[in-house]
Every structure is written in structure tokens, then in C-alpha cells.
Amino acid sequence: MSNVLVFFDVLGETLSFTQRELIAQAQSLGEVHIAIGAYQGDPTPALAISGVGEVYLAEASLPAPEVAVVDLLETAVAECGAEVILGSSTADVTDALARLAVRLDTGIICSIAALTGELLATKSELAGSYTTVSQLAPGLSRPLIATFRPNSLDPQRVDALLDAGDQPDGTVLPVRPSQGGVEVLHREALKVSARPALAEARVVVAGGRGVDGDFTPLEELADELGAGLGASRAATDAGWIEHAAQVGQTGVTVSPQLYISAGISGAVQQRSGMQTAGTIVAINKDEDAPVFEIADFGVVGDLHEVIPQMIEELRRRKG
Ligand SMILES: Cc1cc2nc3c(=O)[nH]c(=O)nc-3n(C[C@H](O)[C@H](O)[C@H](O)COP(=O)(O)OP(=O)(O)OC[C@H]3O[C@@H](n4cnc5c(N)ncnc54)[C@H](O)[C@@H]3O)c2cc1C
């Protein structure tokens with residue numbers, strides 16, 4: 001069994017599903033400790049889970065892209081003797097953990113789906129063409145750093161694995177920002193969306209060129225389903241939706257339980273960012289569109305007719 005340090009770049013009043021999933025993954029490897037970047041007030045009540053050991057914080061909250069979070073992580077690794085450091089495979093967490101890997105002169109494996117007790121990491125590569133198993137080069141007595149693809153575990157399994165426990169104590173670590181680092185001169189928060197973050201969403205509704213400039217029906221469907229909103233590159237390049245919504249090879253990689261693709265042809269660069277989704281529903285008016293090759297359910301039709309019907313049916317079922 002290993003000492004595992006789990007990194008949350010931000011922790012609110014309650015744990016997100018992805019954060020609970022990460023703790024469940026970590027518990028299968030050994031004793032779990034947690035380091036938190038950004039927080040408000042006392043973040044420890046949210047971590048009252050059986051088996052959670054130390055919780056490490058800096059004196060002041062360290063929101064991304066605060067590079068000093070790497071100093072916090074380095075100190076926390078030394079404090080708990082972490083042999084494994086885990087985070088979610090979001091951009092901010094990957095950024096911080098990659099910097100930590102350089103600092104500790106060790107390896108990082110990104111976007112894994114599973115990690116065994118022998119520290120063998122499984123991940124999908126090259127648009128799902130290969131499944132690879134990797135490990136830290138043998139003989140190195142350095143910790144393994146890995147980021148987990150969200151939504152790899154069944155929610156019921158996560159609930160079954162995590163029991164309520166005592167509220168852990170928070171340990172405030174002195175963080176002395178390293179010399180020669182980056183100084184953040186200006187920070188402007190993105191417009192906060194009520195929708196779940198794309199990379200972590202359990203349901204994603206995505207639109208492409210077929211949306212023809214109007215994402216309103218997709219937004220409505222996303223809100224009915226509590227889903228994140230994504231897009232193809234054709235849609236983001238056209239300026240119909242922000243670039244942060246792009247799913248694919250040069251965009252965000254998502255792995256939701258349900259991915260609804262509307263008006264997207266299913267080019268390989270789009271697929272590489274979404275084809276590990278649990279269930280894929282494709283809506284396209286061209287029955288030969290490549291997206292139907294990977295879809296579990298397909299609707300051949302005009303999305304401007306199909307999506308309003310889906311919304312109507314969802315509302316009817318909700319009563
Ligand atoms: C290096 C590189 C990186 C790339 N990275 C990405 C990436 O990260 N993500 C990405 O998405 N792409 C990426 N691309 C672009 C990719 O190759 C495709 O060009 C892009 O995904 C196409 O977007 P689309 O499916 O929305 O548009 P199109 O290929 O034009 O397809 C539109 C689809 O909508 C359907 N349609 C039209 N009207 C309707 C309607 N009313 N109702 C239903 N269906 C309709 C059409 O039948 C068609 O299948 C990359 C390309 C390169 C070269």
C-alpha cells in the first residue's frame with residue numbers, strides 16, 4: 001500500500017462527483033492525504049470521509065494559475081511521504097502536477113482510466129486506437145504522478161466505496177514561493193456558468209457546423225439534462241461559441257457517461273476527444289456521417305426538429 005496525495009485545485013463547500021471519484025480511486029491504493037489549492041473558509045468539513053488522513057492548505061487560498069501551488073504540493077509530498085500523487089485530468093490540475101513532476105524530477109502519466117496497486121496505469125491513446133499500460137521507470141525511488149480521466153468509475157460504486165468519517169484536521173503549510181517562478185500580474189475570472197465544467201461533466205451536449213450559428217436549442221437541452229456544453233472546432237472557429245467549449249484533439253477531452261452529438265460529422269480529431277464516453281447519441285441529417293460509426297444511438301434528422309422534441313419529452317417526463 002502506498003501513501004497517496006490527492007490534489008484538488010479548488011474545493012467548495014461540498015465535493016464534486018469527480019473529487020469523490022478521485023478519493024475512491026486513491027483509497028484503493030493506500031492511505032489518502034489531500035492538498036487543496038483554492039478554498040474559502042474552512043474546507044475540511046467537506047472531507048469528512050473515512051480514511052482521509054491529512055489535509056494540507058497554504059495560509060492563503062492559491063487559485064490557478066498561482067504557481068506557488070507547486071510549492072505547497074512539494075511540501076505536502078515531503079510531509080506525508082507520498083509515493084503517488086493524483087489529480088483530475090483538467091487543464092489547471094495537469095498544469096500544476098506537470099510542474100511538480102519537473103520539480104521532483106519524476107514522471108507524470110496524464111489522463112489515465114485506472115491505476116493498479118502495482119502502479120500500472122491504463123489509458124486510451126490516439127483517439128482510442130490503443131490501450132496502453134505504463135509505469136514509472138523501474139529503479140527510480142521517486143513518486144508517481146498521474147491525472148485521472150473523470151467519470152471512469154460508476155457513481156454507485158463511488159458511493160459504496162466512500163463512508164462518512166470524522167472531519168480531518170487541516171494542516172497549514174508554510175509556502176515560500178520559489179525564486180524565478182512566474183508572477184501573475186492580472187487575473188480576470190471567466191464568466192461563471194451554472195453548467196458543469198466540460199471536462200468533468202457526466203453528460204455533455206455538443207454541437208457542430210450543423211447548428212448553423214444558433215446554440216440556443218443545445219443550451220436548452222443541456223440545461224434540461226444538467227449537462228456541460230461542448231462543440232466541434234467548426235463551431236468554435238465560426239465564433240458561435242467560445243473556444244473553451246471545443247471538444248477534440250486540440251480541445252478538451254471529455255469522458256462523460258452520456259455524450260449527445262448534434263450536427264457534428266465525427267471527424268477523427270473530434271472523436272479523439274469524446275469517444276470514451278459511456279453512451280454516444282448522434283443526431284445528424286446525413287445517414288452516412290462518420291459519427292454514426294461510434295454512436296450507440298443515432299437519429300437521422302434535422303437537429304432543429306429533433307432537439308426541441310427531446311426537450312419537450314424530457315419536460316413531459318419531469319412532469
Ligand atoms: C490538426 C487538427 C486538429 C483538429 N482538432 C479538432 C478538435 O479538437 N475538435 C474538432 O471538433 N475538430 C478538430 N479538427 C477539425 C476536424 O477535422 C473537423 O473539420 C471538424 O471536427 C468538423 O466539425 P463539424 O463536424 O462540426 O463540421 P462538418 O464536418 O462540416 O460537419 C457538419 C455535420 O453537420 C451535419 N448537419 C448539417 N446540418 C444539420 C442539421 N440541421 N441537423 C443535423 N445535422 C446537420 C452534416 O451532415 C455534417 O455531418 C481538427 C483538424 C485538424 C487538422
Side-chain angles (χ1 to χ4, degrees), residues 88-95 110-111 123-130 147 149-151 190 193 195-201 203-222 224-225 227-256 258-314:
S88 186
S89 62
T90 59
D92 287 337
V93 171
T94 305
D95 181 86
C110 294
S111 205
K123 63 178 287 195
S124 157
E125 298 278 10
L126 295 173
S129 313
Y130 296 92
T147 63
R149 202 181 63 195
N151 301 310
L190 279 177
S193 159
R195 297 191 188 101
L198 189 55
E200 300 185 353
V203 180
V204 170
V205 175
R209 201 191 305 275
V211 164
D212 200 18
D214 183 11
F215 264 79
T216 317
L218 275 80
E219 286 171 356
E220 271 181 51
L221 180 61
E224 281 304 318
L225 292 165
L229 191 62
S232 72
R233 182 156 138 184
T236 57
D237 279 356
W240 300 339
I241 185 167
E242 71 275 4
H243 276 284
Q246 183 180 313
V247 172
Q249 185 182 315
T250 43
V252 182
T253 298
V254 300
S255 191
L258 173 63
Y259 186 90
I260 301 179
S261 157
I264 297 179
S265 57
V268 67
Q269 295 90 354
Q270 153 76 199
R271 290 184 194 198
S272 68
M274 46 63 79
Q275 68 180 10
T276 56
T279 301
I280 298 171
V281 175
I283 306 160
N284 197 301
K285 65 181 184 186
D286 174 7
E287 63 180 29
D288 294 324
V291 69
F292 288 127
E293 291 164 14
I294 54 163
D296 298 283
F297 298 97
V299 183
V300 178
D302 185 333
L303 68 91
H304 296 106
E305 290 167 16
V306 176
I307 290 184
Q309 289 177 54
M310 290 169 80
I311 295 169
E312 196 184 310
E313 181 61 16
L314 282 165

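These numbers were taken from a predicted model, which means no experiment stands behind them. Whatever order the structure lists ligands and atoms in, that order sets their numbers, starting from 1.
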- Pair listing, side-chain hydrogen bond (donor to acceptor under 3.5 Å, both in side chains) test, anchored in residues 296-314, at least two apart: Asp302-His304, Glu313-Arg316, Glu313-Arg317

- Message: Can you list every protein residue that has a heavy atom under 4.0 Å from any atom of ligand 1, sorted by chain and residue number?
- Response: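 Near ligand 1, by chain and number: Gly208, Arg209, Gly210, Ser232, Arg233, Ala234, Gln246, Val247, Gly248, Gln249, Thr250, Gly251, Gly263, Ile264, Ser265, Ala267, Gln269, Gln270, Asn284, Lys285, Asp286, Gly301, Asp302, Leu303, His304.
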
- Item | Distance-only donor-acceptor check, side chains Thr216 and Asp214, under 3.5 Å | yes

- Task: List for me each residue that meets side chain to side chain donor-acceptor pair (under 3.5 Å) alongside Arg149, sequence neighbours excluded, and say none if there are none.
- Result: Ser255

- Task: Tell me, please, which residues at least two apart from Gln270 pass side chain to side chain donor-acceptor pair (under 3.5 Å).
- Result: Tyr259

- Message: Could you check whether any side-chain N or O of Ser272 sits under 3.5 Å from a backbone N or O of Gln249, counting only pairs where one atom can act as donor and the other as acceptor?
- Response: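 Yes; at least one donor-acceptor contact below 3.5 Å.
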
- Message: Under the criterion side chain to side chain contact (heavy atoms under 4.5 Å, CB included), I'd like the reasoning laid out for Thr276 against Asn151: C-alpha separation, chi angles, the key distance, then a yes or no.
- Response: CA-CA 10 Å; Thr276 56; Asn151 301 310; over 6 Å; no

